[in-house]
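Contents: one structure, followed by commentary.
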Amino acid sequence: MPELPEVETIARGLHKRVAGDSIEDVWLSGKSPTFKSQPREILATLPSARIVAVRRMGKHIVFDLERNGVQRWKARAVGRRTRIGKSNEAMSSHPQWIVHLGMTGRMVVCVPSEEVVKHTHAIVKLASGRELRFIDPRRFGRLSVTARGNFEAGGLEPLEVDRGQFVTLFRGRKTPIKSALLNQKLLRGVGNIYADESLFRAGIRPRRRASSLTREQLERLYASVQQVLKKAIALGGSSVSDYVDADGEEGFFQLEHRVYGREGEPCLVCKTPVKRVVLSGRSSHYCPNCQR
DNA sequence: ACTATTTCCTGGATGC
DNA sequence: TGCATCCAGGAAATAG
(Lines give C-alpha, C1' and ligand atoms only; values in the text may rest on other atoms or scores of the structure.)
Protein backbone atom coordinates (compact mmCIF):
# COMPACT_ATOMS: atom_id res chain seq x y z
CA MET A 1 0.00 0.00 0.00
CA PRO A 2 1.88 3.00 -1.22
CA GLU A 3 1.94 5.84 1.29
CA LEU A 4 4.10 8.95 1.32
CA PRO A 5 7.53 7.23 1.48
CA GLU A 6 6.66 4.71 -1.23
CA VAL A 7 5.14 7.35 -3.50
CA GLU A 8 8.16 9.61 -2.92
CA THR A 9 10.48 6.75 -3.88
CA ILE A 10 8.45 5.92 -6.97
CA ALA A 11 8.17 9.56 -8.06
CA ARG A 12 11.93 10.07 -7.71
CA GLY A 13 12.55 6.90 -9.71
CA LEU A 14 10.16 7.96 -12.42
CA HIS A 15 11.64 11.44 -12.56
CA LYS A 16 15.10 9.98 -13.05
CA ARG A 17 13.85 7.77 -15.84
CA VAL A 18 11.32 9.78 -17.83
CA ALA A 19 11.83 13.49 -17.14
CA GLY A 20 12.62 15.16 -20.47
CA ASP A 21 10.94 12.41 -22.45
CA SER A 22 7.79 13.06 -24.46
CA ILE A 23 4.51 11.24 -24.62
CA GLU A 24 3.69 10.01 -28.09
CA ASP A 25 0.63 7.88 -27.61
CA VAL A 26 -1.66 6.60 -24.88
CA TRP A 27 -3.77 3.48 -24.52
CA LEU A 28 -6.33 3.11 -21.74
CA SER A 29 -8.10 -0.06 -20.66
CA GLY A 30 -11.34 1.87 -20.30
CA LYS A 31 -12.07 0.03 -17.07
CA SER A 32 -13.94 2.47 -14.91
CA PRO A 33 -13.42 3.63 -12.19
CA THR A 34 -9.67 3.66 -12.79
CA PHE A 35 -10.12 7.02 -14.48
CA LYS A 36 -11.06 10.02 -12.45
CA SER A 37 -10.97 12.25 -15.51
CA GLN A 38 -12.89 11.21 -18.58
CA PRO A 39 -10.70 8.89 -20.67
CA ARG A 40 -11.24 11.17 -23.66
CA GLU A 41 -9.85 14.06 -21.70
CA ILE A 42 -6.74 12.06 -20.77
CA LEU A 43 -6.33 10.99 -24.39
CA ALA A 44 -6.65 14.61 -25.50
CA THR A 45 -4.11 15.88 -23.00
CA LEU A 46 -1.19 13.47 -22.75
CA PRO A 47 -0.11 12.76 -26.34
CA SER A 48 2.61 15.14 -27.60
CA ALA A 49 3.21 16.52 -24.11
CA ARG A 50 6.73 16.71 -22.76
CA ILE A 51 7.37 15.42 -19.24
CA VAL A 52 9.08 18.26 -17.42
CA ALA A 53 9.18 16.67 -13.98
CA VAL A 54 7.71 13.90 -11.87
CA ARG A 55 7.10 14.59 -8.21
CA ARG A 56 4.96 13.65 -5.24
CA MET A 57 2.10 15.54 -3.59
CA GLY A 58 0.66 13.63 -0.64
CA LYS A 59 0.08 10.14 -1.99
CA HIS A 60 -0.25 11.40 -5.55
CA ILE A 61 2.32 11.23 -8.32
CA VAL A 62 2.29 14.43 -10.35
CA PHE A 63 3.66 14.58 -13.88
CA ASP A 64 4.30 18.21 -14.80
CA LEU A 65 3.76 18.45 -18.52
CA GLU A 66 4.37 20.99 -21.24
CA ARG A 67 2.43 21.21 -24.46
CA ASN A 68 3.37 23.12 -27.54
CA GLY A 69 0.39 22.26 -29.67
CA VAL A 70 -1.90 24.61 -27.83
CA GLN A 71 -2.57 26.79 -30.85
CA ARG A 72 -4.00 23.84 -32.67
CA TRP A 73 -6.45 23.25 -29.86
CA LYS A 74 -7.47 26.86 -29.67
CA ALA A 75 -8.12 26.91 -33.38
CA ARG A 76 -10.33 23.89 -33.14
CA ALA A 77 -12.17 25.30 -30.18
CA VAL A 78 -13.28 28.42 -32.00
CA GLY A 79 -15.90 26.55 -33.96
CA ARG A 80 -17.27 24.80 -30.89
CA ARG A 81 -17.46 27.26 -28.08
CA THR A 82 -19.01 24.86 -25.64
CA ARG A 83 -15.90 22.73 -25.69
CA ILE A 84 -13.65 25.51 -24.54
CA GLY A 85 -14.58 25.13 -20.92
CA LYS A 86 -14.89 21.40 -20.92
CA SER A 87 -11.59 20.75 -22.65
CA ASN A 88 -9.82 23.10 -20.33
CA GLU A 89 -7.19 20.63 -19.24
CA ALA A 90 -6.29 19.67 -22.78
CA MET A 91 -6.08 23.36 -23.64
CA SER A 92 -3.62 24.15 -20.95
CA SER A 93 -0.07 24.59 -22.13
CA HIS A 94 1.08 23.21 -18.76
CA PRO A 95 -1.21 20.36 -17.86
CA GLN A 96 -0.57 17.86 -15.12
CA TRP A 97 -1.10 14.14 -15.14
CA ILE A 98 -2.08 12.96 -11.67
CA VAL A 99 -1.70 9.33 -10.63
CA HIS A 100 -2.95 7.84 -7.38
CA LEU A 101 -1.77 4.28 -6.86
CA GLY A 102 -4.52 3.31 -4.45
CA MET A 103 -3.73 0.00 -2.80
CA THR A 104 -2.14 -2.04 -5.54
CA GLY A 105 -1.25 0.44 -8.27
CA ARG A 106 2.19 0.27 -9.91
CA MET A 107 3.98 2.37 -12.49
CA VAL A 108 6.60 0.61 -14.55
CA VAL A 109 8.94 1.81 -17.28
CA CYS A 110 9.70 -0.93 -19.78
CA VAL A 111 10.31 -1.76 -23.41
CA PRO A 112 7.28 -2.39 -25.65
CA SER A 113 8.19 -6.05 -26.09
CA GLU A 114 7.63 -6.62 -22.38
CA GLU A 115 4.53 -8.75 -21.81
CA VAL A 116 1.45 -6.69 -21.01
CA VAL A 117 0.41 -8.20 -17.71
CA LYS A 118 -3.16 -8.63 -16.53
CA HIS A 119 -4.68 -5.50 -14.93
CA THR A 120 -2.66 -3.10 -17.07
CA HIS A 121 -4.91 -0.03 -17.35
CA ALA A 122 -2.72 2.48 -19.15
CA ILE A 123 0.18 2.28 -21.56
CA VAL A 124 1.98 5.51 -22.35
CA LYS A 125 4.33 5.35 -25.32
CA LEU A 126 7.37 7.57 -24.95
CA ALA A 127 9.46 9.22 -27.64
CA SER A 128 12.50 7.37 -26.34
CA GLY A 129 10.85 4.13 -27.44
CA ARG A 130 10.03 2.96 -23.94
CA GLU A 131 6.62 2.61 -22.33
CA LEU A 132 5.24 3.78 -19.03
CA ARG A 133 2.58 1.39 -17.77
CA PHE A 134 0.02 1.67 -15.01
CA ILE A 135 -0.91 -1.68 -13.51
CA ASP A 136 -3.55 -1.98 -10.80
CA PRO A 137 -5.28 -5.27 -9.98
CA ARG A 138 -7.61 -3.91 -7.34
CA ARG A 139 -8.43 -0.75 -9.24
CA PHE A 140 -8.36 1.59 -6.28
CA GLY A 141 -5.88 3.72 -8.18
CA ARG A 142 -6.98 6.77 -10.17
CA LEU A 143 -5.66 8.63 -13.19
CA SER A 144 -6.60 12.18 -14.02
CA VAL A 145 -5.45 15.27 -15.87
CA THR A 146 -5.76 18.87 -14.86
CA ALA A 147 -4.38 22.28 -15.68
CA ARG A 148 -1.37 23.37 -13.67
CA GLY A 149 -2.35 24.91 -10.37
CA ASN A 150 -5.77 23.28 -10.27
CA PHE A 151 -4.83 20.17 -8.39
CA GLU A 152 -5.41 20.09 -4.64
CA ALA A 153 -3.79 17.06 -3.04
CA GLY A 154 -5.34 17.61 0.38
CA GLY A 155 -3.95 19.19 3.51
CA LEU A 156 -0.41 20.06 4.53
CA GLU A 157 2.71 18.16 3.52
CA PRO A 158 3.88 16.24 6.59
CA LEU A 159 7.53 17.00 5.90
CA GLU A 160 6.93 20.70 5.31
CA VAL A 161 4.64 21.45 8.21
CA ASP A 162 6.22 22.95 11.33
CA ARG A 163 5.57 21.88 14.88
CA GLY A 164 3.14 24.65 15.68
CA GLN A 165 1.07 24.00 12.57
CA PHE A 166 0.99 20.32 13.38
CA VAL A 167 -0.31 20.90 16.88
CA THR A 168 -2.94 23.33 15.62
CA LEU A 169 -4.07 20.81 13.04
CA PHE A 170 -5.02 18.13 15.57
CA ARG A 171 -5.67 19.92 18.81
CA GLY A 172 -9.35 20.09 19.66
CA ARG A 173 -10.53 17.34 17.33
CA LYS A 174 -12.85 14.81 18.87
CA THR A 175 -11.93 12.07 16.44
CA PRO A 176 -9.39 9.38 17.42
CA ILE A 177 -5.85 10.58 16.71
CA LYS A 178 -5.28 7.67 14.33
CA SER A 179 -8.29 8.69 12.23
CA ALA A 180 -7.07 12.28 12.22
CA LEU A 181 -3.62 11.19 11.01
CA LEU A 182 -5.25 9.28 8.16
CA ASN A 183 -7.41 12.24 7.19
CA GLN A 184 -5.76 13.52 4.00
CA LYS A 185 -7.52 16.85 4.31
CA LEU A 186 -5.49 17.60 7.41
CA LEU A 187 -2.13 16.05 6.62
CA ARG A 188 -1.54 14.49 3.22
CA GLY A 189 0.44 11.31 2.71
CA VAL A 190 0.24 9.44 6.01
CA GLY A 191 -1.47 6.05 5.64
CA ASN A 192 -2.15 3.09 7.87
CA ILE A 193 1.40 1.81 8.28
CA TYR A 194 3.03 5.14 9.08
CA ALA A 195 0.19 6.25 11.34
CA ASP A 196 0.60 3.11 13.46
CA GLU A 197 4.38 3.34 13.50
CA SER A 198 4.36 7.04 14.39
CA LEU A 199 1.87 6.53 17.22
CA PHE A 200 3.97 3.70 18.64
CA ARG A 201 7.10 5.83 18.66
CA ALA A 202 5.18 8.66 20.32
CA GLY A 203 3.70 6.32 22.94
CA ILE A 204 0.12 7.23 22.06
CA ARG A 205 -2.74 4.78 21.60
CA PRO A 206 -4.54 5.03 18.24
CA ARG A 207 -7.94 5.40 19.88
CA ARG A 208 -7.02 8.43 21.98
CA ARG A 209 -9.16 11.41 21.03
CA ALA A 210 -6.96 14.05 19.46
CA SER A 211 -8.50 16.60 21.83
CA SER A 212 -7.33 14.60 24.86
CA LEU A 213 -3.66 14.87 23.91
CA THR A 214 -1.44 17.36 25.64
CA ARG A 215 0.68 19.78 23.68
CA GLU A 216 3.72 17.75 24.70
CA GLN A 217 2.17 14.57 23.33
CA LEU A 218 1.27 16.24 20.05
CA GLU A 219 4.80 17.60 19.80
CA ARG A 220 6.18 14.13 20.39
CA LEU A 221 3.86 12.79 17.70
CA TYR A 222 5.07 15.49 15.33
CA ALA A 223 8.65 14.40 15.92
CA SER A 224 7.71 10.74 15.42
CA VAL A 225 5.93 11.39 12.13
CA GLN A 226 8.94 13.32 10.84
CA GLN A 227 11.39 10.66 11.95
CA VAL A 228 9.37 7.72 10.63
CA LEU A 229 8.69 9.28 7.23
CA LYS A 230 12.28 10.41 6.72
CA LYS A 231 13.70 7.06 7.69
CA ALA A 232 11.19 5.24 5.49
CA ILE A 233 12.10 7.41 2.50
CA ALA A 234 15.78 6.76 3.17
CA LEU A 235 15.06 3.02 3.11
CA GLY A 236 12.97 3.18 -0.06
CA GLY A 237 9.62 2.60 1.64
CA SER A 238 8.01 -0.52 3.09
CA SER A 239 7.68 -3.58 0.88
CA VAL A 240 4.45 -5.24 1.94
CA SER A 241 1.87 -6.61 -0.52
CA ASP A 242 4.54 -6.85 -3.22
CA TYR A 243 5.35 -3.14 -3.36
CA VAL A 244 8.34 -2.30 -5.56
CA ASP A 245 9.60 1.07 -6.74
CA ALA A 246 9.90 2.37 -10.30
CA ASP A 247 13.06 0.33 -10.80
CA GLY A 248 11.46 -2.84 -9.46
CA GLU A 249 13.44 -2.57 -6.23
CA GLU A 250 11.99 -3.42 -2.85
CA GLY A 251 12.06 -1.04 0.08
CA PHE A 252 13.36 -1.98 3.49
CA PHE A 253 11.35 -0.02 6.02
CA GLN A 254 9.18 -3.08 6.72
CA LEU A 255 12.18 -4.30 8.70
CA GLU A 256 11.72 -1.28 10.95
CA HIS A 257 8.04 -1.89 11.64
CA ARG A 258 7.51 -2.16 15.38
CA VAL A 259 3.77 -2.71 15.53
CA TYR A 260 2.28 -2.78 12.03
CA GLY A 261 1.43 -6.36 11.04
CA ARG A 262 2.83 -7.72 14.32
CA GLU A 263 -0.40 -8.64 16.13
CA GLY A 264 0.29 -11.06 18.98
CA GLU A 265 4.05 -10.72 18.63
CA PRO A 266 6.04 -9.32 21.54
CA CYS A 267 6.59 -5.58 21.67
CA LEU A 268 10.20 -4.92 20.73
CA VAL A 269 10.55 -2.64 23.74
CA CYS A 270 8.65 -4.40 26.56
CA LYS A 271 7.65 -7.82 25.18
CA THR A 272 3.93 -7.20 25.75
CA PRO A 273 1.96 -8.79 22.86
CA VAL A 274 1.05 -6.25 20.21
CA LYS A 275 -2.70 -5.64 20.00
CA ARG A 276 -4.81 -5.06 16.93
CA VAL A 277 -8.09 -3.18 17.02
CA VAL A 278 -10.32 -2.10 14.17
CA LEU A 279 -10.70 1.63 14.04
CA SER A 280 -13.19 2.99 11.51
CA GLY A 281 -12.82 -0.16 9.48
CA ARG A 282 -9.06 -0.26 9.57
CA SER A 283 -6.52 -2.36 11.45
CA SER A 284 -4.64 -0.46 14.09
CA HIS A 285 -1.68 -2.03 15.83
CA TYR A 286 -0.26 -0.87 19.15
CA CYS A 287 1.50 -1.93 22.32
CA PRO A 288 -0.95 -1.70 25.24
CA ASN A 289 1.94 -1.13 27.62
CA CYS A 290 4.10 1.39 25.74
CA GLN A 291 1.18 3.37 24.31
CA ARG A 292 -1.27 5.16 26.58
C1' DA B 1 -19.84 21.59 10.22
C1' DC B 2 -18.23 17.18 11.65
C1' DT B 3 -17.79 12.56 12.18
C1' DA B 4 -18.87 7.68 11.18
C1' DT B 5 -19.99 4.13 8.01
C1' DT B 6 -20.37 2.06 3.50
C1' DT B 7 -18.70 1.16 -1.06
C1' DC B 8 -15.59 0.09 -4.62
C1' DC B 9 -12.12 -4.02 -6.27
C1' DT B 10 -9.31 -8.65 -6.67
C1' DG B 11 -5.87 -11.88 -5.03
C1' DG B 12 -4.41 -14.50 -1.44
C1' DA B 13 -5.37 -16.93 2.78
C1' DT B 14 -8.38 -19.74 5.32
C1' DG B 15 -12.04 -23.16 6.27
C1' DC B 16 -14.75 -27.17 5.32
C1' DT C 1 -8.89 -30.49 -4.96
C1' DG C 2 -12.42 -27.38 -5.10
C1' DC C 3 -15.41 -23.96 -3.71
C1' DA C 4 -17.10 -20.35 -0.60
C1' DT C 5 -15.93 -16.80 2.56
C1' DC C 6 -13.19 -13.32 4.51
C1' DC C 7 -9.82 -9.78 4.58
C1' DA C 8 -6.64 -6.04 3.08
C1' DG C 9 -7.53 -0.49 2.78
C1' DG C 10 -7.55 4.97 0.33
C1' DA C 11 -10.83 7.96 -0.48
C1' DA C 12 -15.33 9.18 -2.39
C1' DA C 13 -20.03 8.84 -1.32
C1' DT C 14 -23.49 8.45 1.87
C1' DA C 15 -25.61 8.52 6.37
C1' DG C 16 -26.08 10.22 10.84
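Chain letters run A, B, ... following the sequence lines, proteins first and then strands; every chain starts at 1. Side chains included, hydrogens not; waters and symmetry mates left out as well; all remaining heavy atoms used.
Remark: A:R148 does not engage A:D64 in a salt bridge, criterion side-chain N to carboxylate O under 4.0 Å.
Along DNA chain B, the nucleotide nearest to A:R142 and the one nearest to A:G172 differ in position, and the one closer to the 5' end is contacted by A:G172.
In this structure, of B:dT3, C:dA12, C:dA8, it is B:dT3 that holds the atom nearest to the side chain of A:T175. Of the candidate nucleotides C:dA8, C:dA11, C:dA12, C:dA8 has the atom nearest to the side chain of A:M103. Across C:dA12, C:dA11, C:dA8, the shortest atom-to-atom separation from the side chain of A:S283 is found for C:dA8. Checking C:dG10, B:dT10, B:dA4 against the side-chain heavy atoms of A:R209 singles out B:dA4 as nearest. Residue A:N192 has its side chain nearest to C:dG10 when only B:dC9, C:dA8, C:dG10 are considered.
For the OP1/OP2 pair of C:dA11 and a distance below 4.0 Å, the side-chain nitrogens and oxygens of A:K59 include at least one atom meeting the criterion. Between A:R139 and the phosphate of B:dT10, there is a side-chain N or O to OP1/OP2 separation shorter than 4.0 Å. In this model, the phosphate group of C:dA11 is approached by a side-chain N or O of A:H100 to a distance below 4.0 Å at OP1 or OP2.
When rounded to the nearest whole Å, the span between CG of A:L181 and P of C:dG9 equals 15 Å. Whole-Å rounding puts the A:D136 CG to B:dC9 P distance at 11 Å. We find that CG of A:L101 is positioned 14 Å from C1' of C:dA11, with the value rounded to whole Å. Counting to the nearest Å, the P atom of B:dT3 and the CG atom of A:N183 are 8 Å from each other. Between A:E3 atom CD and C:dG10 atom P there is a gap of 6 Å when expressed in whole angstrom units. Atom CG of A:L182 and atom C1' of C:dA8 are 14 Å apart (whole Å). Between A:R138 atom CZ and B:dT7 atom C1' there is a gap of 15 Å when expressed in whole angstrom units. Atom P of nucleotide C:dA8 and atom CG of A:D196 are separated by 12 Å, given to the nearest angstrom.
Side-chain atoms of A:R282 and base atoms of C:dA8 include no donor and acceptor less than 3.5 Å apart.
Counting non-hydrogen atoms under 4.0 angstrom, A:K118 reaches the backbone sugars and phosphates but no base. Counting non-hydrogen atoms under 4.0 angstrom, A:R173 reaches the backbone sugars and phosphates but no base. Contact annotation for A:S179: no contact, since no heavy-atom pair falls under 4.0 Å across all strands. A:Y260 comes within 4.0 angstrom of sugar-phosphate atoms only, judged by non-hydrogen atoms across all strands, and of no base. Nucleic acid contact for A:R188: none, since no nucleic acid atom lies under 4.0 Å from a heavy atom of the residue.
Judged by centroid separation below 5.5 Å and plane tilt below 30°, A:F140 stacks onto the base of C:dG10.
Under the 4.5 Å side-chain criterion, counting only non-hydrogen atoms from C-beta, A:V269 is not in contact with A:R258.
Side-chain atoms of A:Q291 never come within 3.5 Å of backbone atoms of A:G203 as a donor-acceptor pair (strictly under, hydrogens ignored). A distance-only check finds a donor-acceptor pair linking the side chain of A:D21 to the backbone of A:S128 [under 3.5 Å].
Scanning all heavy atoms of the two residues, the minimum distance from A:G164 to A:T168 falls at O-OG1, 2.8 Å. The minimum heavy-atom distance linking A:S284 with A:K178 is given by the pair OG-NZ, 2.7 Å.
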